[in-house]
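Worksheet: the structure to be examined is printed underneath.
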Amino acid sequence: MEDLWTVFCGNSGCSDMDGKQCKSGFMLLSHPNSCINHVLIVCFNILLLVMLVINMIQKSKTLRIPACFQRKTPLQIVAAVVNGCLGLVYLGLGIWILEEKLRITQTALPLNQWLLVLVQGVTWLIVSLTLSLRGYHLPRAPMRLLSILSFLYAVIVCALSIFAAILNKGVSIKIALDVFSLPGASLLVSCAYKYKQEESDVKISEGGLYEPLNGEAYGVSKIDSVGQIFVSGFFALLKILTVSAGPLLHNAFILVAEGNASFKYEGYVLAIALFTSKSLESLAQRQLYFRRRLIGLKVRSLLTAAIYKKQLRLSNAARLTHSGGEIMNYVTVDAYRIGEFPFWFHQTGTTSLQLCLALIILFRAVGLAIVAALVVIVFTMLCNTPLAKLQQKYQSRLMVAQDERLTASSEALVNMKVLKLYPWESHFKNAIENLRKVEYKWLSAVQLQKSYNGFLFSSSPVLVSTATFGACYFLKVPLHASNVFTFVATLLLVQDPIKSIPDVIGVVIQAKVAFARIVNFLEASELQSANARQKGNIENMDRAILIKSADFSWEKNSSKPTLRNINLEVRPGEKVAICGEVGSGKSTLLASILGEVPNTSGNIQVHGKTAYVSQTAWIQTGSIRENILFGSPMDSHRYQETIERCSLAKDLELLPFGDQTEIGERGVNLSGGQKQRIQLARALYQNADIYLLDDPFSAVDAHTATSLFNEYVMGALSGKAVLLVTHQVDFLPAFDAVLLMSDGEILRAATYHQLLASSKEFQDLVNAHKETAGSERLAEVTSPQSRGNPVEEIKKGYVDKQIKTSKGDQLIKQEEREIGDAGLRPYIQYLNQNKGFLFFSMASLSHLIFVIGQVLQNSWIASNVDNPDVSTLRLTVVYLSIGIATTLFSLCRSLSTVVLNLQSSKSLFSQLLNSLFRAPMSFYDSTTLGRILSRISYDLSIIDLDIPFGLIFAAGATTNCYTSLGVLAVVVWQVLFVSIPMIYAAIRLQGYYFSSAKELMRINGTTKSLVANHLAESIAGAMTIRAFEEEERFFAKNLDLIDTNASPFFHSFAANEWLIGRLEILSAAVVASAALCMVLLPPGTFTSGFVGMALSYGLSLNMSLVFSIQNQCTITNYIISVERLNQYMHIPSEAPEVIEDNRPPPNWPAVGKVDICDLQIRYRLDAPLVLRGVSCTFEGGHKIGIVGRTGSGKTTLIGALFRLVEPVGGKIVVDGIDISTIGLHDLRSRFGIIPQDPTLFNGTVRYNLDPLCQHNDQEIWEVLGKCQLREAVQEKDQGLDSLVVEDGSNWSMGQRQLFCLGRALLRRSRILVLDEATASIDNATDMILQKTIRTEFADCTVITVAHRIPTVMDCTKVLAISDGKLMEYDEPMKLMKNKGSLFGQLVKEYWSHLNSAESH
């Protein structure tokens, strides 16, 4: 026992701080240096550990809380961080005491001084972290007992330490730690008693989905993320401490290699310590990086959700400043950049702390010469400050330029059909390319600043070491292997973090700019629709809508409100029609009822559930059934009744998959009438109280319109409050009231007959309808009595019959992605652009020379540091010369990277843009906009900013890693026995990782497109979503898509850390083996200089390997963006724009004769024929009317004339030239068209009428007068420079159609096509326009597709189509007299409108 006591306590049981013996028995217990005191404390620590083990063995009886709610509270996190740090400092102090004891006495005995502190550290670390972080898993009562015992132990230790400090009039580090353990123990007790309270408080919220964004959710504080950052900080601190221990161990190794070991087995102890230190470093760093990425992912997901939620509530005024393209950019680019920020958040602090610790180690090595190093570091930081400010300025401008380019690209892609018809593709492509040039300007500025920063920081270690060695020469500080290579090892360890400082600065600046943009968006004004709309049972209300003396204005501070002095009362069951000229405010009135237009004065009340049908059909990507149900549960009976009422049964039978047919984005594979009827079905199925219908019959033929009016408005909605905007006077007699609007006011509100008797304006409107071109001829051959029952004809017995489906593919395909290992293909694709290989080779070669220069520097030092023939001055001058030469290659590397970046980005974008603008319409019909937008925003941003530097960093870091391994192997060749198997294992592990990682990143790319597509759809349909109060459902779907996107990204970075953690352990084994070889071999085997050099590179091997693998993984993930862009860079293109050998004459078509010969059209190879052998001739100068039921193929015939779709059989000959033999631009530029969907572009009135600037202002004003827009434009302050916002949403639908007419009048083509050109225009305006067209295009061939039968009555000939076949083609009067004529039937159905309406 005496021997054991002597081993533990030495010869004395107690001594004070001066080494004097303790005099009293009390002092033996209380003094911190007393051995009995130490034994008691060690025993208490063992007791705590035993209790903890017993607790962990017992099965917990506490409440099991679901994993998603086991989130750490701020109290737990603070307790864990505080006590964890205390435990670590105890451990560090114990190791330091042991090292000092070994150095001074060359023995570890007696044990009590250092063993006590180590035991305290281990115990405190284990007990505190378990209680604070894993308390849920322990039985409640024993856990509380353990926390109380820990607190009592802390009280006793603290009291004894304070007592001893007072007696000895001095404070040691251990006394300070003992005192600090008391607050730590208090936190543990609080945690233990907090758990039970939280268990009872945890209730899963059943509230709205908005709660997590609005405040605290599920009992989790907002500070939770801050706590996570603290935990990450703890691991960052652990990593820095273990990294900084490297140079100290390095110094000890050199002393052992020189034969100056402190004790017998010091070499073995050092090797084990080195391996342990490197393993701990790996563990801390992996945890740190994983947690950083996780926080970043959460932040990105939160911002994406917040932006989505905000755009659902965005006011009209805010939409003018935040376009759809910009909102898309906020999600795909800005939120991503902010999500990257937490990964780099600790880097600034950790690098600074690492530098401070490095300076302390360097001071120990070279003394006051470290002042020179400090001066260089401060100088570097000062030089960087203006560069960082410039980079922020350039980054802000780059983001703005990126927004403008993305907005223009988005607008062009959405309206690609219109661009092809006019044809304006080249003009819009050039406009986007010009915006891209501005973006390149700022991109090059940002990347050049980044390269200068990179050069500055990569050259700083060379400057620091040179300045320090120079200072050593002047201060006469001796240089020898141990202090020089401690210095070199420290520099090598901080070299990679210092090199990453420009990246950190870049990321911080990007995040700051992105955050400011997102905050600006989130602070934008919102709609206040909740004030107007009140939920409640409408049966108890006598009014559904009540508006009293109200003014409404789209613009905030407008002197003239959009709607003025509105008084309206609508009772449940009432039918109210709203009519008036174009731009009178009809649609705005409906929007006001929905709460979309700010109410500037007066009152508005809306009671009950509202359903809304917009004038422009909004259709989601998905099946027809999903569009109709719109989130409501399936009710078979109600669903079938809805299909019948909306005249959809026949359409569903014709579609390949019935109601499960996938509709393309914006309903591209449906006709205009089908889209409107699906909208009507969606509204009807919701079974609302109030129906707001904005001119839904304009896109359907007369037959279907009559059916819809009878079955839908007067039948299905018989007990509902209905407001119908319409230009079709025929229906007005059936309504309870008719509102006549003009210039934002309700002129009169009365029944049809009252208005007809009392209102001159209304009489003009009705008379205009009767006088519409062709009505007289129509009256001649029809009689009111001769009408059938169109409703019965249109029904196809949908009830009790399953909608038939046929085999074949859906239109919208799953997004394509590469599968398996693409190998080097994407890298070659990237480097093949604009001499990319040359610039990459220059950058890689420059880096290789830079690394070789560093090795030469260190070799020079290693071989001559102990050489008496080489003076310190010569040593330093040669070292400096090599260093300066290498830094020039560092600059060359940075500049080559920037050139590679710009050249590759230009080439890739140019190819992508050409491919997209030359793609056929079939591509846009089957590809959602979100897929394309995610590529031209997120993927292009990665290629612009990340890939070039990522490539060079990956190549450079890998070179550094193999250099470190090579130096180690050259000096200690024996290490090859360990390193070769390690390299083999590393390659196998990487291969295993990459096979999964690439697939994960590809899935990440495709799921990102889903988020982008859902956002784009929601922006377009925000008004409809709000009208149906479906914001919660759409937000829930958005959250689901965000989670779907987050999942592969989470698994990707988790797999990354998994790989690097294993590789680091392997590299730690190599370094420890090399160190062991050096100490095992006889002294003198290696010179101390080369031992120092080898260990310097060995110690940096872990970090080099981490940076190498990390950069390889990062570039592997980034290069997926090149893969994704490449998928859309080689789309099979349309026919050539111009065929030089076969250009039509300048005056073609001179006559305007069109021969259609056996024309057969199908949209896809596996699809049925849409036009089946149509043959006819349109003589030059004739007016041709094309009629047919909705979906019969009228618009397809027009598409064939413009070659939007190529025929599979037959041909079209115009003035003797087969249109398939000439270029598309030559063809389309010679025809004029007013398309079915009127499209306006972001810009001015002048730009929308004449984007190619081919006409002067006088011609434009003249055309505006002819198409009834002169007054509307003159009312605007800026005239022709008046603003047209995205989609032309600040102009009414009718006005947009008039703009399209204006374009046609300016072009004056020999062949003019009108595709439902006046569907959204009132009859009076329509009559004027028809006269204008007859006058202006008197000698031209005019082809008119129309649902308004009078529009085609004065045509030379009428072409009737049914199911893609030509049914008849003759003069209208002749067809009317033919009893079996389809045209005659359509005329009779049209004539039945008035009688049908009057009968109600």
Side-chain angles (χ1 to χ4, degrees), residues 420-421 423 1134-1136 1138-1139 1141-1163 1169-1188 1192-1234 1304 1307-1315 1333 1337-1346 1352 1354-1372 1374-1375 1381-1383:
K420 288 183 181 297
L421 287 170
E1134 287 185 305
V1138 174
I1139 300 174
D1141 298 337
N1142 196 16
R1143 299 202 69 171
N1147 64 338
W1148 180 87
V1151 179
K1153 181 182 178 183
V1154 180
D1155 286 312
I1156 302 173
C1157 311
D1158 192 29
L1159 188 66
Q1160 297 174 22
I1161 297 284
R1162 62 160 52 97
Y1163 283 107
L1169 286 171
V1170 183
L1171 291 182
R1172 312 176 190 183
V1174 175
S1175 297
C1176 59
T1177 300
F1178 303 159
E1179 294 296 339
H1182 278 195
K1183 307 296 178 278
I1184 309 297
I1186 301 177
V1187 296
S1192 58
K1194 304 185 295 295
T1195 302
T1196 303
L1197 181 59
I1198 301 305
L1201 186 62
F1202 283 83
R1203 286 178 66 191
L1204 290 180
V1205 55
E1206 297 287 354
V1208 293
K1211 61 183 178 179
I1212 299 176
V1213 179
V1214 177
D1215 280 6
I1217 295 178
D1218 182 350
I1219 64 169
S1220 63
T1221 61
I1222 62 173
L1224 292 180
H1225 187 273
D1226 283 339
L1227 169 70
R1228 293 166 182 169
S1229 62
R1230 306 297 176 89
F1231 295 171
I1233 185 168
I1234 305 175
R1307 182 176 284 190
R1308 295 191 176 280
S1309 304
R1310 193 72 191 173
I1311 296 176
L1312 175 66
V1313 177
L1314 309 177
D1315 189 1
I1333 292 168
F1337 297 96
D1339 56 347
C1340 301
T1341 305
V1342 180
I1343 303 167
T1344 306
V1345 176
V1352 296
D1354 67 336
C1355 287
T1356 317
K1357 285 192 175 182
V1358 171
L1359 172 72
I1361 300 180
S1362 178
D1363 295 333
K1365 294 177 183 175
L1366 188 147
M1367 304 304 291
E1368 55 204 16
Y1369 178 53
D1370 209 336
E1371 294 175 18
K1374 288 182 181 178
L1375 292 176
S1381 164
L1382 171 64
F1383 179 65

Could you list the donor-acceptor pairs under 3.5 angstrom formed by side chains in residues 1196-1204, with sequence neighbours left out?
residue : atom : partner : partner atom : Å
Thr1196 : OG1  : Tyr1163 : OH           : 2.8
Arg1203 : NE   : Glu1206 : OE1          : 3.3
Arg1203 : NE   : Glu1206 : OE2          : 3.1
Arg1203 : NH1  : Ile1219 : O            : 2.7
Arg1203 : NH1  : Ile1222 : O            : 2.8
Arg1203 : NH2  : Glu1206 : OE2          : 3.1

Please report, to 0.1 Å, the donor-acceptor pairs under 3.5 Å made by any side chain of residues 1144-1161, with sequence neighbours excluded.
residue : atom : partner : partner atom : Å
Trp1148 : NE1  : Val1214 : O            : 2.9
Asp1155 : OD1  : Thr1177 : OG1          : 2.8

task = Could you please spell out the steps behind the side-chain contact (heavy atoms from CB on, under 4.5 Å) verdict for Leu1359 and Phe1178?
result = CA-CA 10 Å; Leu1359 172 72; Phe1178 303 159; 4.1 Å; yes
ask   = Are Ile1186 and Ile1343 close enough, and set up right, to give a side-chain contact (heavy atoms from CB on, under 4.5 Å), and what steps lead you there?
value = CA-CA 7 Å; Ile1186 301 177; Ile1343 303 167; 3.5 Å; yes
key: Residues Leu1366, Ile1361; criterion side-chain contact (heavy atoms from CB on, under 4.5 Å); working and verdict   = CA-CA 5 Å; Leu1366 188 147; Ile1361 300 180; 5.6 Å; no
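When all heavy atoms of Leu1171 and Gly1193 are compared, the closest pair comes out as CD2-O, 3.7 Å. In terms of heavy-atom proximity, Arg1307 sits nearest to Gly1232 at CD-CA, 4.4 Å. The nearest pair of heavy atoms linking Tyr1369 to Cys1176 is CD2-CB, 3.8 Å. Taking every heavy atom of both residues into account, Cys1355 and Gly1185 meet most closely at SG-N, 3.7 Å. The shortest non-hydrogen separation linking Ala1304 to Ile1234 is CB-CG1, 4.0 Å.
Rounded to the nearest 0.5 Å, atoms CD1 (Ile1233) and CG (Leu421) are 4.5 Å apart. Interatomic distance, CG of Leu1227 versus CD1 of Ile1212, reported as 9.0 Å (0.5 Å rounding). To the nearest 0.5 Å, atom CD1 of residue Ile1217 and atom CG of residue Asp1215 are 7.5 Å apart.
Residues satisfying the side chain to side chain donor-acceptor pair (under 3.5 Å) test with Ser1381, not counting sequence neighbours, are Glu1368. Among residues two or more places apart in sequence or in another chain, the salt bridge (charged side-chain N to carboxylate O under 4.0 Å, His left out) test is passed with Arg1310 by Asp1339. With sequence neighbours left out, Asn1142 forms a side chain to side chain donor-acceptor pair (under 3.5 Å) with Thr1221.
In this structure the side chain of Leu1314 reaches within 4.5 angstrom of the side chain of Val1342, judged on heavy atoms. Considering only heavy atoms from C-beta on, Ile1184 stays 4.5 Å or farther from Thr1344 through its side chain.
The salt bridge (charged side-chain N to carboxylate O under 4.0 Å, His left out) pairs that include a residue from residues 1218-1231 are Glu425-Arg1228, Glu1134-Arg1228, Arg1143-Asp1226, where partners are two or more places apart or lie in different chains.
In this structure, the side chain of Lys1183 engages the main chain of Ala1338 through a donor-acceptor pair within 3.5 Å.
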